[in-house]
Amino acid sequence: MTNKKFEAINKQDIENEKDGVIIVYGILTTILLLSWWIFNLSEAIFKSRQPDRIIVGITTLIGIILYSYYLIFGDKKSFVTKAELIWMLIVAFFVRLALGRAVSGHPIDVNCFKAWMNIISNDMFNIYEKNIFIDYLPGYLIVLALFKNIVSIVSYSISEELLIKLPNIIADVAIIIMVLGLKRKFGSRLKRVESIVVLFNPVLIMLSSLWGQCDSFVSMLFVTLFASLVYNYHILTGCVTAYLLFTKPQFILFLPLVILYWIYNLWIRNNTKDVIKQIISFGILISALYFLFMPYKNILWLPAFFAKVAGEYPYYTVNAFNIYYAAGLNWVKIGGMYNFINLIVLAIAYILVLVQFGLGLNKTNDKIVQIKYLMQGGLIVGLLSYNFMTGMHERYAIFAWLFCLMLYLMSDDIILLRGAVVISLLLFMNISKVLDLSLSNIYFVQREFSNFLVAIANIMILIVLLYVITYNLLKCKKKV
(Lines give C-alpha, C1' and ligand atoms only; values in the text may rest on other atoms or scores of the structure.)
Protein backbone atom coordinates (compact mmCIF):
# COMPACT_ATOMS: atom_id res chain seq x y z
CA MET A 1 0.00 0.00 0.00
CA THR A 2 1.42 3.37 -1.02
CA ASN A 3 1.80 6.20 1.46
CA LYS A 4 -0.84 8.26 -0.34
CA LYS A 5 -3.39 5.45 -0.14
CA PHE A 6 -2.57 4.89 3.53
CA GLU A 7 -2.98 8.61 4.27
CA ALA A 8 -6.30 8.67 2.41
CA ILE A 9 -7.62 5.67 4.35
CA ASN A 10 -6.39 7.13 7.65
CA LYS A 11 -8.06 10.45 6.85
CA GLN A 12 -11.31 8.65 6.01
CA ASP A 13 -11.16 6.75 9.32
CA ILE A 14 -10.73 10.02 11.21
CA GLU A 15 -13.71 11.52 9.38
CA ASN A 16 -15.81 8.47 10.24
CA GLU A 17 -14.81 8.80 13.91
CA LYS A 18 -15.89 12.44 13.86
CA ASP A 19 -19.23 11.42 12.40
CA GLY A 20 -19.69 8.92 15.21
CA VAL A 21 -18.89 11.52 17.85
CA ILE A 22 -21.41 13.96 16.40
CA ILE A 23 -24.12 11.27 16.18
CA VAL A 24 -23.62 10.27 19.84
CA TYR A 25 -23.57 13.96 20.79
CA GLY A 26 -26.80 14.46 18.85
CA ILE A 27 -28.60 11.58 20.56
CA LEU A 28 -27.52 12.61 24.06
CA THR A 29 -28.28 16.27 23.39
CA THR A 30 -31.72 15.35 22.04
CA ILE A 31 -32.58 13.39 25.19
CA LEU A 32 -31.35 16.21 27.43
CA LEU A 33 -33.07 18.97 25.49
CA LEU A 34 -36.39 17.16 25.24
CA SER A 35 -36.29 16.37 28.97
CA TRP A 36 -35.53 19.98 29.76
CA TRP A 37 -38.29 21.18 27.40
CA ILE A 38 -40.90 18.87 28.97
CA PHE A 39 -40.17 20.16 32.48
CA ASN A 40 -39.77 23.83 31.55
CA LEU A 41 -41.68 24.82 28.41
CA SER A 42 -44.35 22.19 27.76
CA GLU A 43 -46.62 23.87 30.28
CA ALA A 44 -46.60 27.00 28.11
CA ILE A 45 -48.44 25.11 25.35
CA PHE A 46 -50.98 23.22 27.43
CA LYS A 47 -51.76 25.57 30.33
CA SER A 48 -50.63 29.08 29.50
CA ARG A 49 -52.97 31.67 28.00
CA GLN A 50 -50.13 33.91 26.90
CA PRO A 51 -49.70 33.71 23.09
CA ASP A 52 -46.00 34.57 23.24
CA ARG A 53 -45.23 31.70 25.60
CA ILE A 54 -47.23 29.28 23.43
CA ILE A 55 -45.39 30.37 20.28
CA VAL A 56 -42.00 30.11 21.95
CA GLY A 57 -42.82 26.68 23.39
CA ILE A 58 -43.77 25.35 19.96
CA THR A 59 -40.81 27.07 18.26
CA THR A 60 -38.39 25.62 20.80
CA LEU A 61 -39.72 22.09 20.27
CA ILE A 62 -39.40 22.46 16.49
CA GLY A 63 -35.88 23.80 16.93
CA ILE A 64 -34.89 20.82 19.11
CA ILE A 65 -36.24 18.38 16.51
CA LEU A 66 -34.42 20.10 13.63
CA TYR A 67 -31.18 20.41 15.63
CA SER A 68 -31.32 16.70 16.50
CA TYR A 69 -32.12 15.70 12.92
CA TYR A 70 -29.09 17.51 11.50
CA LEU A 71 -26.77 16.13 14.17
CA ILE A 72 -27.90 12.53 13.82
CA PHE A 73 -28.99 12.18 10.18
CA GLY A 74 -27.43 15.19 8.46
CA ASP A 75 -24.59 14.91 5.96
CA LYS A 76 -21.43 15.03 8.07
CA LYS A 77 -19.02 15.59 5.19
CA SER A 78 -20.60 18.49 3.31
CA PHE A 79 -19.37 22.02 3.83
CA VAL A 80 -21.71 24.86 4.62
CA THR A 81 -22.32 27.30 1.80
CA LYS A 82 -22.46 31.06 2.26
CA ALA A 83 -26.22 31.11 1.65
CA GLU A 84 -26.79 28.32 4.19
CA LEU A 85 -24.62 30.02 6.77
CA ILE A 86 -26.49 33.31 6.37
CA TRP A 87 -29.81 31.52 6.87
CA MET A 88 -28.43 29.68 9.90
CA LEU A 89 -27.22 32.96 11.43
CA ILE A 90 -30.63 34.58 10.87
CA VAL A 91 -32.52 31.61 12.33
CA ALA A 92 -30.14 31.32 15.30
CA PHE A 93 -30.49 35.04 16.05
CA PHE A 94 -34.30 35.11 15.96
CA VAL A 95 -34.65 31.85 17.91
CA ARG A 96 -32.55 33.43 20.64
CA LEU A 97 -34.60 36.63 20.51
CA ALA A 98 -37.86 34.69 20.86
CA LEU A 99 -36.56 32.67 23.80
CA GLY A 100 -35.06 35.74 25.43
CA ARG A 101 -38.40 37.52 25.21
CA ALA A 102 -40.39 34.58 26.61
CA VAL A 103 -38.20 33.59 29.56
CA SER A 104 -37.39 36.23 32.18
CA GLY A 105 -34.10 34.63 33.14
CA HIS A 106 -32.27 33.91 36.37
CA PRO A 107 -34.09 36.21 38.83
CA ILE A 108 -31.06 37.41 40.84
CA ASP A 109 -28.71 37.91 37.89
CA VAL A 110 -31.32 39.61 35.70
CA ASN A 111 -32.43 41.99 38.44
CA CYS A 112 -28.81 42.91 39.22
CA PHE A 113 -27.99 43.64 35.59
CA LYS A 114 -31.18 45.68 35.17
CA ALA A 115 -30.32 47.83 38.20
CA TRP A 116 -26.68 48.33 37.14
CA MET A 117 -27.70 49.12 33.57
CA ASN A 118 -30.11 51.84 34.69
CA ILE A 119 -27.51 53.38 37.01
CA ILE A 120 -24.57 53.31 34.62
CA SER A 121 -26.61 54.61 31.66
CA ASN A 122 -27.25 57.81 33.63
CA ASP A 123 -24.06 58.12 35.68
CA MET A 124 -21.44 55.92 34.08
CA PHE A 125 -18.17 56.79 35.78
CA ASN A 126 -19.44 57.08 39.36
CA ILE A 127 -21.11 53.70 39.74
CA TYR A 128 -18.40 52.36 42.09
CA GLU A 129 -18.82 55.36 44.42
CA LYS A 130 -22.44 54.55 45.11
CA ASN A 131 -23.46 52.56 48.15
CA ILE A 132 -24.86 49.62 46.21
CA PHE A 133 -24.04 45.93 45.79
CA ILE A 134 -21.98 45.45 42.65
CA ASP A 135 -19.63 42.57 41.90
CA TYR A 136 -19.09 43.15 38.17
CA LEU A 137 -16.47 45.29 36.49
CA PRO A 138 -17.53 48.02 34.04
CA GLY A 139 -16.66 46.27 30.74
CA TYR A 140 -20.01 44.55 30.25
CA LEU A 141 -21.94 47.29 32.04
CA ILE A 142 -20.65 49.83 29.49
CA VAL A 143 -22.13 47.66 26.72
CA LEU A 144 -25.48 47.46 28.52
CA ALA A 145 -25.52 51.24 28.94
CA LEU A 146 -24.70 51.68 25.25
CA PHE A 147 -27.57 49.41 24.20
CA LYS A 148 -30.01 51.14 26.56
CA ASN A 149 -29.07 54.59 25.26
CA ILE A 150 -29.39 53.46 21.63
CA VAL A 151 -32.86 52.07 22.34
CA SER A 152 -33.80 55.37 24.05
CA ILE A 153 -32.54 57.45 21.13
CA VAL A 154 -34.49 55.48 18.50
CA SER A 155 -37.51 55.33 20.85
CA TYR A 156 -37.89 51.60 20.42
CA SER A 157 -39.89 49.68 23.01
CA ILE A 158 -38.10 46.62 24.38
CA SER A 159 -38.24 44.91 27.74
CA GLU A 160 -35.26 45.35 30.04
CA GLU A 161 -34.97 41.57 30.40
CA LEU A 162 -34.47 41.17 26.65
CA LEU A 163 -32.23 44.24 26.46
CA ILE A 164 -29.67 42.81 28.87
CA LYS A 165 -29.65 39.56 26.87
CA LEU A 166 -29.20 41.26 23.49
CA PRO A 167 -25.38 41.75 23.68
CA ASN A 168 -24.97 38.02 24.41
CA ILE A 169 -27.31 37.00 21.61
CA ILE A 170 -25.29 39.09 19.15
CA ALA A 171 -22.08 37.68 20.67
CA ASP A 172 -23.24 34.11 19.89
CA VAL A 173 -23.62 35.02 16.23
CA ALA A 174 -20.25 36.80 16.23
CA ILE A 175 -18.55 33.69 17.64
CA ILE A 176 -19.62 31.50 14.69
CA ILE A 177 -18.50 34.17 12.20
CA MET A 178 -15.05 34.28 13.81
CA VAL A 179 -14.92 30.47 13.98
CA LEU A 180 -15.61 30.40 10.23
CA GLY A 181 -12.71 32.78 9.60
CA LEU A 182 -10.37 30.79 11.84
CA LYS A 183 -11.23 27.50 10.13
CA ARG A 184 -10.30 29.04 6.79
CA LYS A 185 -7.11 30.48 8.28
CA PHE A 186 -6.06 26.99 9.36
CA GLY A 187 -6.66 25.58 5.89
CA SER A 188 -10.13 24.04 6.06
CA ARG A 189 -13.73 25.04 5.56
CA LEU A 190 -16.52 24.96 8.10
CA LYS A 191 -18.70 21.89 7.81
CA ARG A 192 -22.46 22.16 8.02
CA VAL A 193 -22.67 20.09 11.19
CA GLU A 194 -19.85 22.06 12.88
CA SER A 195 -21.71 25.31 12.26
CA ILE A 196 -24.93 23.82 13.68
CA VAL A 197 -23.11 22.48 16.76
CA VAL A 198 -21.85 25.99 17.59
CA LEU A 199 -24.77 28.14 16.42
CA PHE A 200 -27.44 25.99 18.03
CA ASN A 201 -25.37 24.78 20.95
CA PRO A 202 -27.88 24.42 23.83
CA VAL A 203 -25.35 25.74 26.37
CA LEU A 204 -24.83 29.02 24.49
CA ILE A 205 -28.56 29.43 23.87
CA MET A 206 -29.38 28.78 27.51
CA LEU A 207 -26.78 31.21 28.84
CA SER A 208 -27.45 34.05 26.41
CA SER A 209 -31.23 33.81 25.85
CA LEU A 210 -32.67 32.04 28.88
CA TRP A 211 -30.34 32.78 31.79
CA GLY A 212 -29.36 36.35 30.99
CA GLN A 213 -25.71 36.14 32.04
CA CYS A 214 -22.76 37.71 30.20
CA ASP A 215 -20.80 34.50 29.53
CA SER A 216 -21.46 34.55 25.77
CA PHE A 217 -20.16 38.12 25.54
CA VAL A 218 -17.04 37.14 27.50
CA SER A 219 -16.60 34.07 25.28
CA MET A 220 -16.76 36.33 22.23
CA LEU A 221 -13.97 38.46 23.73
CA PHE A 222 -11.88 35.31 24.28
CA VAL A 223 -12.38 34.25 20.64
CA THR A 224 -11.56 37.80 19.52
CA LEU A 225 -8.33 37.66 21.53
CA PHE A 226 -7.47 34.31 19.95
CA ALA A 227 -8.26 35.61 16.43
CA SER A 228 -6.24 38.80 16.96
CA LEU A 229 -3.18 36.70 17.82
CA VAL A 230 -3.67 34.50 14.77
CA TYR A 231 -4.23 37.43 12.38
CA ASN A 232 -1.46 39.64 13.88
CA TYR A 233 -3.78 42.43 15.07
CA HIS A 234 -1.38 43.39 17.84
CA ILE A 235 -3.09 46.55 19.12
CA LEU A 236 -6.41 44.69 19.21
CA THR A 237 -4.74 41.89 21.23
CA GLY A 238 -3.66 44.34 23.93
CA CYS A 239 -6.99 46.17 23.99
CA VAL A 240 -9.10 42.98 24.19
CA THR A 241 -6.88 41.64 27.00
CA ALA A 242 -7.40 44.86 28.96
CA TYR A 243 -11.14 44.88 28.27
CA LEU A 244 -11.48 41.26 29.38
CA LEU A 245 -9.78 42.13 32.66
CA PHE A 246 -12.36 44.90 33.16
CA THR A 247 -15.30 42.70 32.14
CA LYS A 248 -15.08 39.38 33.97
CA PRO A 249 -13.28 39.07 37.34
CA GLN A 250 -12.56 35.39 36.58
CA PHE A 251 -10.32 36.44 33.68
CA ILE A 252 -7.67 37.09 36.32
CA LEU A 253 -7.20 33.28 36.32
CA PHE A 254 -6.17 33.35 32.64
CA LEU A 255 -4.29 36.67 32.49
CA PRO A 256 -0.94 35.03 33.45
CA LEU A 257 -1.15 33.03 30.20
CA VAL A 258 -1.02 36.21 28.14
CA ILE A 259 1.77 37.59 30.34
CA LEU A 260 3.74 34.35 29.85
CA TYR A 261 3.24 34.68 26.10
CA TRP A 262 4.68 38.21 26.22
CA ILE A 263 7.60 37.23 28.46
CA TYR A 264 8.46 34.22 26.29
CA ASN A 265 8.58 36.23 23.06
CA LEU A 266 10.60 39.02 24.66
CA TRP A 267 12.99 36.44 26.11
CA ILE A 268 13.72 34.74 22.77
CA ARG A 269 13.56 38.14 21.02
CA ASN A 270 10.82 37.01 18.68
CA ASN A 271 8.56 39.68 17.17
CA THR A 272 9.65 42.05 19.92
CA LYS A 273 8.05 45.11 18.30
CA ASP A 274 4.72 43.32 17.93
CA VAL A 275 4.72 42.20 21.57
CA ILE A 276 5.59 45.73 22.71
CA LYS A 277 2.60 47.03 20.70
CA GLN A 278 0.37 44.56 22.54
CA ILE A 279 1.76 45.54 25.94
CA ILE A 280 1.50 49.31 25.27
CA SER A 281 -2.10 49.08 23.99
CA PHE A 282 -2.95 46.92 27.01
CA GLY A 283 -1.40 49.47 29.35
CA ILE A 284 -3.13 52.46 27.76
CA LEU A 285 -6.63 50.98 27.81
CA ILE A 286 -6.33 49.48 31.27
CA SER A 287 -5.04 52.80 32.65
CA ALA A 288 -7.89 54.69 31.00
CA LEU A 289 -10.54 52.33 32.40
CA TYR A 290 -8.86 52.25 35.80
CA PHE A 291 -8.88 56.02 36.29
CA LEU A 292 -12.21 56.69 34.58
CA PHE A 293 -14.04 54.39 36.99
CA MET A 294 -11.85 54.98 40.04
CA PRO A 295 -13.88 56.06 43.09
CA TYR A 296 -12.82 59.41 44.56
CA LYS A 297 -9.35 59.22 46.18
CA ASN A 298 -9.33 55.41 46.12
CA ILE A 299 -6.23 54.62 44.08
CA LEU A 300 -6.24 50.92 45.05
CA TRP A 301 -9.87 50.34 44.17
CA LEU A 302 -9.29 47.55 41.63
CA PRO A 303 -7.17 45.27 43.89
CA ALA A 304 -9.74 45.85 46.63
CA PHE A 305 -12.52 44.94 44.19
CA PHE A 306 -10.83 41.67 43.22
CA ALA A 307 -10.24 40.85 46.90
CA LYS A 308 -13.93 41.49 47.62
CA VAL A 309 -15.07 39.26 44.75
CA ALA A 310 -12.65 36.51 45.82
CA GLY A 311 -14.20 36.52 49.31
CA GLU A 312 -17.81 36.80 48.17
CA TYR A 313 -18.48 33.07 48.02
CA PRO A 314 -16.56 31.30 50.84
CA TYR A 315 -18.16 27.98 49.96
CA TYR A 316 -16.68 24.78 48.57
CA THR A 317 -18.91 25.05 45.51
CA VAL A 318 -21.82 27.24 44.39
CA ASN A 319 -23.88 24.74 42.39
CA ALA A 320 -20.92 23.72 40.22
CA PHE A 321 -20.98 19.94 39.75
CA ASN A 322 -17.33 19.34 40.62
CA ILE A 323 -15.34 17.33 43.18
CA TYR A 324 -16.82 19.31 46.09
CA TYR A 325 -20.39 18.74 44.89
CA ALA A 326 -19.62 15.02 44.59
CA ALA A 327 -18.46 15.11 48.23
CA GLY A 328 -21.74 16.70 49.33
CA LEU A 329 -20.24 20.15 49.98
CA ASN A 330 -22.49 22.33 47.83
CA TRP A 331 -23.01 25.73 49.53
CA VAL A 332 -21.06 24.48 52.57
CA LYS A 333 -18.91 27.23 54.12
CA ILE A 334 -15.21 26.58 54.04
CA GLY A 335 -14.10 29.18 56.56
CA GLY A 336 -10.90 31.13 56.02
CA MET A 337 -9.14 28.44 53.96
CA TYR A 338 -10.79 29.11 50.59
CA ASN A 339 -8.16 31.56 49.29
CA PHE A 340 -5.35 29.24 50.40
CA ILE A 341 -6.90 26.29 48.53
CA ASN A 342 -7.48 28.39 45.43
CA LEU A 343 -3.91 29.66 45.40
CA ILE A 344 -2.59 26.10 45.66
CA VAL A 345 -4.82 24.92 42.79
CA LEU A 346 -3.83 27.90 40.64
CA ALA A 347 -0.14 27.31 41.42
CA ILE A 348 -0.45 23.64 40.39
CA ALA A 349 -2.25 24.66 37.20
CA TYR A 350 0.51 27.07 36.20
CA ILE A 351 3.26 24.61 37.12
CA LEU A 352 1.63 22.24 34.62
CA VAL A 353 1.40 25.09 32.10
CA LEU A 354 5.09 25.90 32.52
CA VAL A 355 6.00 22.22 32.19
CA GLN A 356 4.11 21.91 28.91
CA PHE A 357 5.72 25.15 27.67
CA GLY A 358 9.14 23.76 28.58
CA LEU A 359 8.50 20.40 26.93
CA GLY A 360 6.88 21.68 23.80
CA LEU A 361 8.09 25.10 22.75
CA ASN A 362 11.90 24.66 22.59
CA LYS A 363 12.40 28.37 21.85
CA THR A 364 10.29 28.12 18.71
CA ASN A 365 9.54 31.26 16.69
CA ASP A 366 6.45 29.64 15.16
CA LYS A 367 3.56 31.83 16.26
CA ILE A 368 0.87 29.19 15.60
CA VAL A 369 2.71 26.64 17.75
CA GLN A 370 2.97 29.24 20.54
CA ILE A 371 -0.76 29.99 20.32
CA LYS A 372 -1.53 26.26 20.43
CA TYR A 373 0.35 25.90 23.71
CA LEU A 374 -1.36 29.04 24.97
CA MET A 375 -4.75 27.41 24.27
CA GLN A 376 -3.61 24.18 25.95
CA GLY A 377 -2.61 26.23 28.98
CA GLY A 378 -6.07 27.81 29.01
CA LEU A 379 -7.68 24.38 28.89
CA ILE A 380 -5.53 23.17 31.81
CA VAL A 381 -6.34 26.24 33.93
CA GLY A 382 -10.04 26.12 33.00
CA LEU A 383 -10.48 22.46 33.90
CA LEU A 384 -8.44 22.52 37.11
CA SER A 385 -10.02 25.73 38.40
CA TYR A 386 -13.57 24.51 37.73
CA ASN A 387 -13.04 21.14 39.37
CA PHE A 388 -10.81 22.04 42.34
CA MET A 389 -11.06 25.76 43.14
CA THR A 390 -13.63 26.71 45.74
CA GLY A 391 -16.58 29.04 45.18
CA MET A 392 -17.05 27.88 41.57
CA HIS A 393 -20.38 28.63 39.89
CA GLU A 394 -22.11 26.24 37.52
CA ARG A 395 -21.34 28.32 34.41
CA TYR A 396 -17.57 28.58 34.69
CA ALA A 397 -16.81 25.40 32.71
CA ILE A 398 -17.74 27.43 29.61
CA PHE A 399 -14.14 28.65 29.43
CA ALA A 400 -12.71 25.10 29.38
CA TRP A 401 -15.16 24.26 26.58
CA LEU A 402 -14.09 27.35 24.65
CA PHE A 403 -10.36 26.58 24.88
CA CYS A 404 -11.02 22.96 23.87
CA LEU A 405 -12.98 24.20 20.84
CA MET A 406 -10.17 26.58 19.85
CA LEU A 407 -7.65 23.75 20.08
CA TYR A 408 -9.87 21.61 17.86
CA LEU A 409 -10.02 24.39 15.26
CA MET A 410 -6.21 24.56 15.24
CA SER A 411 -5.46 20.83 15.14
CA ASP A 412 -8.62 19.13 13.81
CA ASP A 413 -7.91 16.49 16.47
CA ILE A 414 -10.80 14.05 17.01
CA ILE A 415 -9.97 13.69 20.71
CA LEU A 416 -10.36 17.42 21.28
CA LEU A 417 -13.70 17.32 19.48
CA ARG A 418 -14.79 14.57 21.84
CA GLY A 419 -13.56 16.60 24.80
CA ALA A 420 -15.47 19.70 23.71
CA VAL A 421 -18.61 17.61 23.17
CA VAL A 422 -18.42 16.02 26.63
CA ILE A 423 -17.70 19.34 28.40
CA SER A 424 -20.64 20.91 26.55
CA LEU A 425 -23.04 18.12 27.55
CA LEU A 426 -21.95 18.14 31.20
CA LEU A 427 -22.20 21.94 31.35
CA PHE A 428 -25.69 21.82 29.85
CA MET A 429 -26.87 19.37 32.50
CA ASN A 430 -25.41 21.56 35.24
CA ILE A 431 -26.79 24.94 34.18
CA SER A 432 -30.18 23.61 33.06
CA LYS A 433 -30.73 22.16 36.53
CA VAL A 434 -29.69 25.37 38.29
CA LEU A 435 -31.74 27.61 35.98
CA ASP A 436 -34.80 25.40 36.28
CA LEU A 437 -34.72 25.69 40.08
CA SER A 438 -33.95 29.43 40.04
CA LEU A 439 -37.13 30.14 38.03
CA SER A 440 -38.96 28.84 41.12
CA ASN A 441 -36.70 30.97 43.38
CA ILE A 442 -34.74 27.94 44.57
CA TYR A 443 -30.98 28.51 44.52
CA PHE A 444 -29.66 25.39 46.22
CA VAL A 445 -29.24 22.19 44.20
CA GLN A 446 -29.76 19.12 46.35
CA ARG A 447 -27.27 16.26 46.13
CA GLU A 448 -28.90 13.89 43.66
CA PHE A 449 -27.41 10.79 42.07
CA SER A 450 -27.72 12.12 38.49
CA ASN A 451 -25.89 15.31 39.46
CA PHE A 452 -23.29 13.25 41.35
CA LEU A 453 -22.59 11.34 38.11
CA VAL A 454 -22.15 14.63 36.25
CA ALA A 455 -19.63 15.76 38.88
CA ILE A 456 -17.67 12.50 38.55
CA ALA A 457 -17.77 12.82 34.75
CA ASN A 458 -16.31 16.35 35.03
CA ILE A 459 -13.36 14.97 36.99
CA MET A 460 -12.92 12.13 34.49
CA ILE A 461 -12.82 14.46 31.46
CA LEU A 462 -10.21 16.54 33.30
CA ILE A 463 -8.00 13.46 33.80
CA VAL A 464 -8.50 12.29 30.21
CA LEU A 465 -7.66 15.64 28.63
CA LEU A 466 -4.61 16.12 30.88
CA TYR A 467 -3.43 12.69 29.77
CA VAL A 468 -4.00 13.54 26.11
CA ILE A 469 -2.07 16.81 26.40
CA THR A 470 0.82 15.08 28.23
CA TYR A 471 0.91 12.19 25.76
CA ASN A 472 1.02 14.54 22.75
CA LEU A 473 3.76 16.62 24.39
CA LEU A 474 5.95 13.59 25.07
CA LYS A 475 5.28 12.28 21.57
CA CYS A 476 6.42 15.57 20.05
CA LYS A 477 9.45 15.62 22.34
CA LYS A 478 10.57 12.19 21.11
CA LYS A 479 10.29 13.32 17.50
CA VAL A 480 12.55 16.29 18.24
Side-chain angles (χ1 to χ4, degrees), residues 105-145 147-148 160-161 163-165 167-168 171 207-208 211-219 221-222 242-255 286 289-290 292-296 298-320 330-331 333-334 336 338-339 341-343 346 385-386 389-399 431 434-435 438 441 443-444:
H106 191 284
I108 293 176
D109 289 352
V110 167
N111 287 329
C112 283
F113 280 125
K114 283 163 59 177
W116 298 333
M117 177 180 67
N118 289 322
I119 293 170
I120 201 169
S121 61
N122 295 312
D123 190 12
M124 181 173 290
F125 301 116
N126 296 316
I127 187 168
Y128 296 99
E129 291 188 9
K130 300 182 184 298
N131 188 24
I132 60 170
F133 167 79
I134 182 167
D135 61 351
Y136 266 73
L137 288 159
Y140 184 62
L141 305 184
I142 292 171
V143 175
L144 291 180
F147 272 71
K148 183 173 177 61
E160 288 189 337
E161 287 82 3
L163 186 58
I164 64 171
K165 297 175 182 178
N168 293 282
L207 286 174
S208 62
W211 190 298
Q213 254 291 346
C214 67
D215 299 288
S216 290
F217 181 78
V218 175
S219 298
L221 291 179
F222 268 109
Y243 205 78
L244 267 167
L245 185 60
F246 268 82
T247 300
K248 190 75 172 176
Q250 287 71 29
F251 178 66
I252 198 74
L253 301 176
F254 301 97
L255 180 61
I286 202 170
L289 291 170
Y290 191 95
L292 282 172
F293 287 92
M294 183 179 73
Y296 183 65
N298 187 0
I299 192 69
L300 297 177
W301 75 276
L302 190 61
F305 183 90
F306 277 111
K308 182 191 77 170
V309 171
E312 220 166 40
Y313 295 97
Y315 307 97
Y316 284 99
T317 179
V318 184
N319 292 330
N330 190 32
W331 282 100
K333 279 199 171 184
I334 193 173
Y338 60 95
N339 279 332
I341 292 174
N342 290 343
L343 287 173
L346 201 58
S385 61
Y386 181 76
M389 290 184 74
T390 64
M392 282 288 120
H393 288 57
E394 62 290 313
R395 309 180 319 276
Y396 293 168
I398 188 71
F399 305 120
I431 63 175
V434 176
L435 179 60
S438 73
N441 291 312
Y443 302 103
F444 174 77

Inset, instruction - Check the pair V309, L137 against side-chain contact (heavy atoms from CB on, under 4.5 Å), reporting the backbone distance first and the verdict last. - result: CA-CA 10 Å; V309 171; L137 288 159; over 6 Å; no

Legend entry - Intermediate values then yes/no, side-chain contact (heavy atoms from CB on, under 4.5 Å), F222 and F254: CA-CA 10 Å; F222 268 109; F254 301 97; 4.0 Å; yes

Inset, instruction - List the steps, then state whether side-chain contact (heavy atoms from CB on, under 4.5 Å) holds for T390 with Y313. - result: CA-CA 8 Å; T390 64; Y313 295 97; over 6 Å; no

Inset, instruction - Could you walk me through whether I120 and L144 pass side-chain contact (heavy atoms from CB on, under 4.5 Å), step by step? - result: CA-CA 8 Å; I120 201 169; L144 291 180; 5.6 Å; no

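Residues G139 and Y243 come closest through the heavy atom pair O-OH, 2.6 Å. Of all heavy-atom pairs spanning L435 and G105, the tightest one is CD1-C, 4.4 Å. Nearest heavy atoms, G391 versus V318: O-CG2, 4.0 Å. Considering all non-hydrogen atoms of both residues, M124 and A145 come closest at CE-CB, 4.0 Å.
Using cut-offs of 30° and 60° on the angle between ring planes, the pair F113 and W116 is perpendicular. Note on ring orientation: taking the six-membered ring where Trp is involved, the planes of F293 and Y128 are perpendicular (angle over 60°, cut-offs 30° and 60°).
Partners of I108 by side chain to side chain contact (heavy atoms under 4.5 Å, CB included), not counting sequence neighbours, listed by chain and number: H106, C112, Y443. In terms of the side chain to side chain contact (heavy atoms under 4.5 Å, CB included) criterion, residue partners of A320 (sequence neighbours excluded) are, by chain and number, T317, N322, Y386, M392. Residues meeting the side chain to side chain donor-acceptor pair (under 3.5 Å) test with E394, sequence neighbours left out: none. Contacts of F217 classified as ring-ring contact (aromatic ring centres under 6.0 Å, His included), with partners at least two apart in sequence or in another chain: Y140. Residues that satisfy the salt bridge (charged side-chain N to carboxylate O under 4.0 Å, His left out) test with K130, not counting sequence neighbours, are D123.
The distance from atom CG of L292 to atom CD1 of I142, rounded to the nearest 0.5 Å, is 8.0 Å. With rounding to the nearest 0.5 angstrom, the CG atom of N118 is 10.0 Å from the CD1 atom of I164. The distance from the CZ atom of F399 to the CD atom of Q250 is 6.5 Å, given to the nearest 0.5 Å. Distance check, rounded to the nearest 0.5 Å: CD1 of I286 to CG of L245 gives 4.5 Å. How far CD1 of I127 is from CD1 of I134: 3.5 Å, rounded to the nearest 0.5 Å. We find the CE-NZ distance between M117 and K148 to be 5.0 Å, quoted to the nearest 0.5 Å.
Remark: of the listed residues C214, S216, S219, S216 is the sole one forming a side-chain contact (heavy atoms from CB on, under 4.5 Å) with S208. Of the candidates I252, L255, V218, V218 is the only one forming a side-chain contact (heavy atoms from CB on, under 4.5 Å) with L244.
In this structure the side chain of N319 reaches within 4.5 angstrom of the side chain of W331, judged on heavy atoms. Using a 4.5 Å cut-off on side-chain heavy atoms (C-beta onward), I431 and I398 make no contact. Annotation: side chain of N126 is not in contact with side chain of I119 (no heavy-atom distance under 4.5 Å). In this structure, L207 and N168 have side chains that are not in contact, with every pair of non-hydrogen atoms separated by 4.5 Å or more. Inter-residue side-chain proximity for F246 and F251 is flagged as unmet; no heavy-atom pair is nearer than 4.5 Å. The shortest side-chain heavy-atom distance between D109 and R395 falls under the 4.5 Å cut-off.
Side-chain atoms of N330 do not come within 3.5 Å of backbone N or O of F444 as any donor-acceptor pair.
At most 12 non-hydrogen atoms from other residues, nucleotides or ligands lie less than 6.0 angstrom from OH of Y296.
Side-chain contact check for K248 and Y136: at least one donor-acceptor pair (N or O, by modelled atom type) lies under 3.5 Å.
Sorted by first and then second residue, the side-chain hydrogen bond (donor to acceptor under 3.5 Å, both in side chains) pairs with a member in residues 298-310 form an empty list; sequence neighbours excluded.
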